[in-house]
Structures are given as structure tokens and as C-alpha cells.
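Structure record follows, encoded as C-alpha cells.
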Amino acid sequence: MTRRTGPETLRRAASPARLLTLAVLPALLPALFLSVLAVPGARAAESAPTVSLSTKEAGKGGEITVSGKGWRGEALLMLLICGQATPERGVIGGTNSCANGAGRAVTTDEKGAFSKRLPVAEPPEPCPCVVHVATVTGEQASADAAFTVAGHPTAELPRRTGGGKLAVLAATRLEGDSSLLTWFGAPPARRLVFTVGNLGPAPVEDPVFEIGTAHGVYAPQWEERQWRGTVAPGARARIALPVELSAGAHGDYQISLRYGKKVLAEQPWGVGRPWGVTLFWVLLCLVVPAAVFRIGMAVVDRIRPRTGGTHRTAGARPGPAVSKGLPRRTTPVARTARSAAAADADATTAVLPWFTPDSAPSENRPRPTTKGQA
């Protein structure tokens with residue numbers, strides 16, 4: 001008898017294998033799911049930047065070696081010792097809490113690793129302290145390592161204010177006027193005034209804002225500004241932060257306000273040209289050549305030789321000619337018109353003869369006679 005094979009026979013033969021697969025598959029699904037989740041987590045942990053220190057405590061004036069890996073290749077990093085910070089909460093007061101004067105910069109290698117010696121300095125805020133490493137350019141990344149500055153004061157961290165969220169409620173504006181010194185190139189200064197509201201459930205204490213100034217096509221340069229105060233949940237506050245440009249700045253600027261990683265507002269600022277500097281240079285170019293010319297003419301007039309026929313200066317009073325080695329004349333040279341006239345009259349009278357009444361020519365001359373008289 002011939003045995004026929006068909007779909008029914010195949011289904012009957014495969015049913016035990018199918019049952020075994022269905023029984024084992026539910027047990028394998030959780031392990032497979034955990035392995036899928038664990039791989040990205042492991043990769044993320046491997047790519048996160050890390051920082052390690054050669055020692056966890058040192059005094060002021062010493063040095064420590066800061067090493068790291070997992071950073072972006074050939075990235076510029078900044079190394080700082082900061083107070084009032086922990087690796088869990090980060091640097092609470094921003095870079096204002098760090099010893100910026102003793103900071104160092106380092107560039108990572110192609111694999112994202114670095115090693116740099118960092119001098120130990122006391123930060124402006126009390127410990128707990130950390131060694132803060134952050135990127136300077138490109139994608140932002142940072143990492144902290146706990147560190148203790150021996151002999152530095154220690155204080156508790158401020159109360160956590162997580163949950164607060166600030167938002168600008170009104171348009172920003174720049175207040176203030178330029179002074180006369182700004183017209184001569186002094187740094188222009190204003191106050192950026194805005195109103196913020198706390199939209200979160202927790203209060204925000206002493207928030208740290210960032211002010212960015214951009215000119216033309218250049219990226220903004222950010223500077224931290226801390227506002228002292230507390231914004232309660234659902235409350236609002238009026239904040240004024242100082243803004244200052246470099247000396248001699250002029251043109252169109254863009255002022256940006258950032259809190260955290262979010263830009264809250266932007267404000268344009270047109271700065272006039274310091275025409276006082278231009279006027280100063282124009283006057284300098286006119287006065288200096290004129291003064292040099294006058295000084296040169298005075299020097300030439302002083303050193304040029306004097307000849308016998310040199311004309312007298314206008315308005316100068318003529319004086320007696322005095323020869324070296326000869327006695328000075330005592331007779332005055334100039335005479336007045338009256339004395340000259342009197343001298344001429346005396347000279348004329350001296351040459352005339354003196355007549356007496358009996359010897360006058362009219363007495364001795366014979367009288368004329370008429371014809372016919374004897």
C-alpha cells in the first residue's frame with residue numbers, strides 16, 4: 001500500500017516543533033529585550049566624556065594632573081577649579097565661582113583623550129569644589145571631578161531650586177545714555193532691562209544669565225551676569241543687567257539674553273561713531289606741523305649769521321653805534337626838531353656882524369640930493 005504525502009502530513013509532522021518553539025519563545029523575549037536596551041546604554045556610557053585626577057586633595061600652590069577621555073577629537077577644552085559645586089549638581093554659580101586666573105586650556109588628541117597639569121588655586125566660593133572641564137568651541141560638553149582644596153573654607157550648598165522655569169514676559173529694552181567720554185572713544189554702556197516670570201513649581205534663586213554681543217556676521221560673545229534675588233513660583237521680577245562694549249565700538253550690534261541653554265530675547269543696538277577721536281586726530285595733524293614749522297623758523301632765525309647791512313627790526317629804536325675797543329661817544333646822536341632849529345638860529349646869528357647905533361649903515365650913508373640944490 002502506497003503512503004501518500006501531502007500538506008496534511010507535513011502539518012502533522014511540524015506540529016511538535018511548532019509547539020516547542022511557542023513554548024520557548026516567551027521565555028526568550030525578556031532576555032532579548034534587555035540585550036537590545038543594554039547595547040545603546042553601553043555605547044552611550046562609553047561615549048560620555050570622563051575626567052580623572054592624579055590626587056583628590058592638594059593645597060594652594062601645588063599641581064595636579066587632569067586626564068580625560070571620551071571627548072570629541074581635537075577639541076579645545078577649558079580646565080578650572082570651581083567652588084560651590086559637586087559632580088551631581090554641577091557648578092551652581094557658573095564660572096564666577098571658579099579660579100579663572102589659574103585655568104588652563106588643552107586640546108584633545110584624535111581619540112578624544114587628554115592629559116594636562118593644572119595649578120591648584122583657591123576659588124572665590126567655598127568648597128565643596130570640583131575640577132570643571134568644558135568645551136570652548138563646537139558642541140557643548142562638560143564633566144566634573146570632585147576635588148578638595150586644602151585649607152580652603154567649606155560651606156553647604158545652596159538649597160536646590162530645580163523645577164523653576166523662567167520666561168521673558170515683556171519686550172526687552174536698553175536704558176542709559178552715552179556720556180561725553182563715549183564721544184571720545186570710551187566704552188559704550190547700557191542696562192538691559194526685562195521682566196521675567198517663573199512658570200515652574202519651585203522658586204529660582206540668584207539666577208545666572210548670559211549676555212551675548214554680536215557685531216556683523218560674527219557669533220555672539222557670551223558673558224555671565226548673575227542677578228541677586230528670588231523669583232517665586234508664579235511671580236515676576238524686573239531685572240536690569242549691565243551691558244558694555246569695547247572701547248571705540250561703533251556700528252550695529254545685537255544683544256542676546258540667554259538663560260541655561262535657551263535664548264530668551266534679542267535686542268538691536270546702534271552705536272554711533274566716536275567723532276571726538278576723529279576731531280582729535282585732525283587737530284593733531286594741523287597743530288603739530290604748525291608748531292614744528294614755528295620752532296624750525298625760530299631756530300633758523302637764531303643760528304643764521306648777522307651781516308653789517310642787516311636792516312633794523314621794524315619798531316626798534318635806533319641807538320648809538322658802539323665799536324668794540326673804542327670809547328663810547330657821549331654826544332647824543334639824535335636831536336629833536338626844536339633843538340636843531342635853535343642850533344641853526346644860533347649859528348646864523350654868530351656869523352652876522354654886530355652893529356651899534358652910531359655905526360649903522362643908514363646914518364653914515366649920504367642923503368640923496370635933488371637937482372638944483374646945493
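For the numbers below, each heavy atom of this structure counts, side chains included, while hydrogens, waters and symmetry mates do not.
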Distance in Å, Ser97 OG paired with Leu80 CG, rounded so as to fall on 0.5 Å steps: 11.0 Å
Considering all heavy atoms, the nearest Thr154-Pro128 contact: CG2-N, 4.4 Å
Pairwise distance CZ(Arg89) to CG(Leu157) - rounded to 0.5 angstrom: 5.5 Å
Between Thr213 and Gln254, a side-chain donor and acceptor under 3.5 Å: no
Phe147 side, atom CZ; Ile81 side, atom CD1 - distance, nearest 0.5 Å: 5.0 Å
Co-membership, hydrophobic cluster, residues Val130 and Val149, 4.5 Å side-chain: no
Test: Cys82-Cys129 SG spacing under 2.5 Å: no
Minimum side-chain heavy-atom gap Lys69-Lys111 below 4.5 Å: no
Side chain to side chain contact (heavy atoms under 4.5 Å, CB included) between Leu245 and Trp269, intermediate numbers included: CA-CA 11 Å; Leu245 303 179; Trp269 183 10; 3.6 Å; yes
Val282 and Cys285, any side-chain heavy atoms less than 4.5 Å apart: no
Exceeds 12 heavy-atom contacts within 6.0 angstrom, atom CG of Asp177: no
Minimum side-chain heavy-atom gap Glu244-Pro188 below 4.5 Å: no
In one Ile/Leu/Val/Met/Phe/Trp/Tyr side-chain cluster, 4.5 Å: Val208, Leu257: no
Under 3.5 Å donor-acceptor, Arg190 side chain and Leu174 backbone: no
Pro274 versus Gly185, closest heavy-atom pair with distance: CB-N, 3.8 Å
Worked verdict on Val120 versus Ile64 for side chain to side chain contact (heavy atoms under 4.5 Å, CB included): CA-CA 7 Å; Val120 179; Ile64 60 175; 4.0 Å; yes
Other residues, nucleotides, ligands: >12 heavy atoms within 6.0 Å of Trp275 CH2: no
Non-hydrogen side-chain atoms of Lys116 and Leu79 separated by less than 4.5 Å: yes
Side chain Asp206, main chain Gly229, donor-acceptor under 3.5 Å: yes
Test item: Val300 and Arg302 side chains (from C-beta on) under 4.5 Å apart, heavy atoms: no
Under 3.5 Å donor-acceptor, Ser142 side chain and Ala134 backbone: no
Path from Val292 to Trp281 over hydrophobic side-chain contacts below 4.5 Å: yes
Atom pair OG1 (Thr135) and CG (Leu76), whose distance is rounded to the nearest 0.5 Å: 9.0 Å
Step-by-step side chain to side chain contact (heavy atoms under 4.5 Å, CB included) determination, Glu210 to Glu223: CA-CA 5 Å; Glu210 289 182 289; Glu223 294 184 2; over 6 Å; no
Side chain to side chain, Pro153 and Cys127, heavy atoms closer than 4.5 Å: no
Pair Leu169-Val196, side chain to side chain contact (heavy atoms under 4.5 Å, CB included): steps then yes or no: CA-CA 5 Å; Leu169 303 180; Val196 297; 5.9 Å; no
Plane angle bin for Trp71 and Phe114 - parallel if under 30°, tilted between 30 and 60°, otherwise perpendicular: perpendicular
For Cys98 against Pro124, the heavy-atom pair lying closest together: O-CD, 3.3 Å
Closest non-hydrogen atom pair between Pro126 and His152, with its separation: CA-NE2, 3.7 Å
Cluster link Met78 to Val131, ILVMFWY, side chain under 4.5 Å: no
Phe194 ring center within less than 6.0 Å of Phe209 ring center: yes
Sidechain-backbone polar pair: Thr55 side chain, Glu57 backbone, donor-acceptor under 3.5 Å: yes
Gap between atom CG of Leu77 and atom CZ of Arg72 - 0.5 Å precision: 8.0 Å
Nearest non-hydrogen partners of His215 and Asp252, listed with the distance: ND1-O, 2.9 Å
Side-chain (Arg191) to main-chain (Val243) donor-acceptor, under 3.5 angstrom: no
Heavy-atom neighbours of Gln221 CD exceed 12 at 6.0 Å: no
Where Leu166 and Pro207 come nearest, the two heavy atoms and their spacing: CD1-CB, 4.0 Å
Any side-chain donor near an acceptor of the partner, Glu205 and Thr230, under 3.5 Å: no
Separation between CD of Glu224 and OG1 of Thr95, rounded to the nearest 0.5 Å: 3.0 Å
Working for salt bridge (charged side-chain N to carboxylate O under 4.0 Å, His left out), residues Glu175 and Arg238: CA-CA 13 Å; Glu175 293 184 353; Arg238 182 179 181 272; 3.4 Å; yes
hydrophobic_cluster_shared for Val271 and Val193, side chain cutoff 4.5 Å: no
Side-chain (Asn198) to main-chain (Val231) donor-acceptor, under 3.5 angstrom: yes
